[in-house]
Amino acid sequence: MSQQSSPTVFSAGLDIMEMYKPKPDRVKEFWTTLQDVWLALYGSSFPTVAAINGHSPAGGCLLSLCCEYRIMCPNYSIGLNETKLGIVAPKWFMSSMLGAIPYREAELALTSGRMFSTDEALKIGLIDEVASDKADAIAKSEKFLSQFAKIHPIARKLTKLNLRHSALEWMQENKELDLNIFISFVGQPIVQKSLEKYLEGLKAKQAK
Ligand SMILES: CC/C=C\C/C=C\C/C=C\CCC/C=C/C(=O)SCCNC(=O)CCNC(=O)[C@H](O)C(C)(C)COP(=O)(O)OP(=O)(O)OC[C@H]1O[C@@H](n2cnc3c(N)ncnc32)[C@H](O)[C@@H]1OP(=O)(O)O
């Protein structure tokens, strides 16, 4: 999986404008679409690799965490930075991160909303390899995937899905609850204020 929404951004995460002053007729579709993307990618029976050729905050990091292997190009940033926006990474964002890095690292990263450079991400195991550029990332992805030619496909698939079973089952059983928590959380005035402040910061950075 490689994305290119801009030359330097793998994915900027969720559209903050969908959470800031959310429109009641869109918010349900917005969140359930994200849940479904996560279910499909995290629960994919195929081997998956993220070739991360740009910055990857929050939802962008989540997309890569759905994959079994992450290869990232140099000098970008990655992490679940939700607390920096005054919001909370949902349970399934956290469990995706815990599939990649140890609990202690995840706790420190999540509570502080820390973004990691490519080298820092490699050191803690948030990514698995560094590639020199996008072409190298794709070549390394192909190499990772090619090892499965020697593994029985059913054995590989069942092993992956068993490892991910409890997180997937939780989501399948709690989609509605998770949606309601999201809607009520982002609807709070204090959360709206934080998002407004964060958006102002992005605009101010851009104006410099
Ligand atoms: C009790 C509670 C229990 C459980 C939890 C319950 C509920 C959970 C609630 C919420 C969970 C939500 C989970 C959220 C996930 C997310 O993904 S949030 C989004 C996080 N993303 C970011 O923080 C990215 C911010 N952007 C950047 O850091 C930079 O823009 C960039 C590194 C991606 C790119 O940098 P540049 O190339 O320098 O570009 P600019 O900064 O100049 O930006 C250009 C343009 O784009 C706008 N923009 C950037 N990112 C976003 C975004 N994610 N959404 C909307 N808009 C974005 C930026 O403002 C500029 O806009 P314009 O001025 O051009 O209009």
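These numbers come from a predicted model, not from an experiment. Numbers here simply count residues along the sequence, with the first being 1.
D25 CG: more than 12 foreign heavy atoms inside a 6.0 Å radius. Counting non-hydrogen atoms of other residues, nucleotides and ligands closer than 6.0 Å to CZ of F46 gives a total of 12 or fewer.
Below 30°, between 30° and 60°, or above 60°: for W31 and F182 the angle between ring planes is below 30°, a parallel geometry. Between H55 and Y76, the ring planes lie perpendicular to each other; the angle is over 60°, past the 30° to 60° tilted range.
Residues W38 and W170 place their aromatic rings such that the two centres sit no closer than 6.0 Å.
M171 and L98 are members of different hydrophobic clusters when ILVMFWY side chains are connected at heavy-atom separations under 4.5 Å.
Put simply, the side chain of R70 gets close to the backbone of L126: a donor and an acceptor are under 3.5 Å apart. Side-chain atoms of Q147 come within 3.5 Å of backbone N or O of F144 as a donor-acceptor pair. With hydrogens and angles disregarded, a donor-acceptor distance shorter than 3.5 Å links the side chain of Q192 to the backbone of K21. Under a 3.5 Å cut-off, the side chain of E105 and the backbone N or O of I124 do not form any donor-acceptor pair. For the pair K91 (side chain) and A167 (backbone), a donor-acceptor distance under 3.5 Å is absent. For T83 (side chain) and T111 (main-chain N/O), a donor-acceptor pair under 3.5 Å exists by modelled atom type.
Electrostatic pairing of K123 and E120 does not count as a salt bridge here, judged by no charged N lying under 4.0 Å from a carboxylate O. The residues E107 and R104 are annotated as salt-bridged, a charged nitrogen and a carboxylate oxygen being separated by less than 4.0 angstrom.
Remark: of the listed residues L122, D128, T118, T118 is the sole one forming a side chain to side chain contact (heavy atoms under 4.5 Å, CB included) with M72.
Closest approach of A89 to L110, counting heavy atoms only: CB-CD2, 4.1 Å.
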